[in-house]
Amino acid sequence: MSEHRYADRVRSVEMSGIRKLFDAGGPDAINLGIGQPDFDTPDHIKMAAIVAIREGKTGYTPNAGIPELREAICEKFERENDLAYRPDQVLVTAGGSEALHLVMEALVDPGDRVLVTDPGFVSYAALAAFAGGRAEGVGLDATLHIDVERAKEQMDGARVFVLNSPANPTGAVESEDSIRALVEYAGDRKVTVISDEVYEHFVYEKKHVSAARFGEDVITVNAASKTYAMTGWRVGYLAAPEDYIPECLKIHQYAQACATSISQYAALAAYTGDQEPVARMREEYRARRDLLYTGLTALGLDFPRPEGAFYMFVPMRQALIEKAVANGLVVVPGGAFGSRAPDHARFSYATSRETLARAVERLGALME
Ligand SMILES: Cc1ncc(COP(=O)(O)O)c(C=O)c1O
């Protein structure tokens, strides 16, 4: 037992159940626990970083990010999301994670209610707690999409509503109608929407729609991490009505100074360069999703086919999840994502088709 004292708000938060799985399972393990692309960063992006190093672009950058990158992000919004942002409405961060952190710190006062889907991405509730807020779970319907009517009932008096489509851990993509309804209702109730769109490019059936299209008080969080297979580079951003930026910038300035200079030049090449690698990754994820879904449903597991991201949220008894993990098939128990889906496990298909086929085979053997 440590003798050291810690702040209650930190002690109240558990270590992420996912990080622990990074090296789980031993040499023969099949690890579907990790939510990171197995693709390498495209070459032209790496080259831009190498050139930046050679040219000595290795000092601090402007706190909010290099102007060229903020400009490129605005062009990306216009091109892909039909949204008009100016560079002074964009703040470049160390990954989407930092953007989420800044926004929670800037918006949430002690005791404020922060609405997050349950199950949902692990960071939202933890970051709300660090800011002194209270995360409150919003339920999903039987198809793992947000239950819009129930969500609306929780909206009154809440400070923030976090929307994540395509979603981690479910792979659900919300319809345009749902997004519009949630954002408009939140706007009427003075609830700020944080829209986490880091998986926007990995949508297989529906079309991705940005929440900021439907309301003024929406903060969009995104990152180069998943789109360009750049998780380790740590570049993300938030885009918001301009008065949010200086408030978020205060925290970023003191806690972080700036996102890594070299990574920002790499991200500039990513956003302005050839987008073909993104399409290629999307098609490969689609094929993997189909392979894994076909395999799991053939084993008798019955669940809706996810439409996006690279996750499947599979109904499984806890005993089977434990047996799978004990036998080297690493998946994340639903309990890591909230309290409402303990009898599920998240399978990440950001891994090779061969690994996915082995995973299905191993699970099948354990179910016999
Ligand atoms: C839904 C969601 N948002 C944000 C992030 C954070 O991404 P980044 O690596 O850019 O910090 C993740 C990473 O897993 C995620 O799943």
Side-chain angles (χ1 to χ4, degrees), residues 16-22 31-39 41 45 65 69 73 76 90-104 114-128 130 135 138 140 144 146 160-174 193-203 208 210-211 219-239 252 255-256 259-260 263-264 266-267 270-271 278 285 306-313 332 334 336-338 346-351:
S16 161
I18 299 177
R19 293 279 133 184
K20 286 187 251 177
L21 296 174
F22 256 62
N31 196 329
L32 308 192
I34 298 168
Q36 91 163 322
D38 60 323
F39 299 109
T41 305
I45 300 175
L69 178 57
I73 291 168
K76 172 254 180 265
V90 173
L91 172 52
V92 177
T93 56
S97 301
E98 196 215 352
L100 291 168
H101 188 196
L102 296 180
V103 173
M104 290 285 186
V114 174
L115 303 181
V116 300
T117 57
D118 182 354
F121 176 48
V122 290
S123 293
Y124 306 138
L127 294 173
F130 287 146
V138 169
L140 304 181
L144 299 176
I146 295 175
V160 165
F161 177 82
V162 184
L163 183 62
N164 173 216
S165 175
N168 177 4
T170 60
V173 176
E174 299 298 341
V193 175
I194 301 174
S195 182
D196 176 344
E197 303 182 10
V198 298
Y199 296 106
E200 67 172 333
H201 285 285
F202 306 131
V203 172
H208 172 73
S210 280
I219 301 178
T220 307
V221 168
N222 210 328
S225 312
K226 315 280 177 176
T227 306
Y228 299 104
M230 291 179 70
T231 46
W233 296 77
R234 310 309 301 138
V235 190
Y237 57 90
L238 63 92
H252 176 71
Q256 178 76 19
T260 308
S263 297
Q264 290 190 59
Y271 288 111
V278 181
Y285 286 137
E307 306 129 337
F310 37 65
Y311 305 112
M312 243 168 243
F313 204 55
V332 187
F337 304 100
R346 188 190 74 174
F347 288 54
S348 162
Y349 50 88
T351 186

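Along the sequence shown, residues carry numbers from 1. Both counts, for ligands and for their atoms, begin at 1 and track the order of listing.
- Annotation: Thr231 places no N or O atom under 3.5 Å from an N or O atom of ligand 1; distance criterion only.
- Taking every non-hydrogen atom of Gly96 and a distance limit under 4.0 Å, the qualifying atoms of ligand 1 come out as 8 (P), 10 (O), 11 (O).
- Between Leu100 and ligand 1, not a single N/O pair is under 3.5 Å apart.
- Between the side chain of Tyr349 and the backbone N or O of Ala309 there is at least one donor-acceptor pair closer than 3.5 Å.
- Here the straight-line distance linking atom OG1 of Thr170 with atom CZ of Phe337 works out to 10.0 Å at 0.5 Å rounding.
- Shown in contact with Ser225 at under 4.0 Å from a heavy atom are these atoms of ligand 1, numbered in order with element: 8 (P), 9 (O), 10 (O).
- At a heavy-atom distance under 4.0 Å, only side-chain atoms of Asn164, from C-beta outward, approach ligand 1.
- For the pair Thr231 (side chain) and Gln36 (backbone), a donor-acceptor distance under 3.5 Å is absent.
- Within the 4.0 Å heavy-atom criterion, neither part of Trp233 lies near ligand 1.
- Comparing heavy-atom distances from atom 11 (O) of ligand 1 across Ala224, Gly35, Ser97 singles out Ser97 as nearest.
- Counting all heavy atoms, side chain and backbone alike, Ala99 lies closest to Tyr237 at CB-O, 3.8 Å.
- Closest heavy-atom contact between Ala259 and Val92: CB-CG1, 4.0 Å.
- Proximity of a side-chain donor or acceptor of Ser348 to a complementary backbone N or O of Ile34 within less than 3.5 Å is detected.
- Contact annotation: for Gln36 versus ligand 1, there are no heavy atoms closer than 4.0 Å.
- Taking only nitrogen or oxygen atoms, main chain and side chain alike, Glu98 does not reach within less than 3.5 Å of ligand 1.
- Here Lys226 has side-chain heavy atoms under 4.0 Å from ligand 1, and that is the only part of it that gets that close.
- Close approach to Gly95 involves these atoms of ligand 1, each under 4.0 Å from a residue heavy atom: 10 (O), 11 (O).
- The closest side-chain donor-acceptor pair between Ser210 and Glu197 falls under 3.5 angstrom.
- Only the side chain of Ala223 comes within 4.0 Å of ligand 1, counting heavy atoms alone; its backbone N, CA, C and O stay farther away.
- Ring geometry, Phe310 versus Phe202: the interplanar angle falls from 30° to 60°, so the pair is classed tilted.
- The backbone N or O of Gly95 sits less than 3.5 Å from a side-chain atom of Thr93, completing a donor-acceptor pair.
- For atom 15 (C) of ligand 1, the nearest non-hydrogen atom from the set Tyr311, Phe310, Phe121 belongs to Phe121.
- Against a heavy-atom cut-off of under 4.0 Å, Tyr124 is close to the following atoms of ligand 1: 1 (C).
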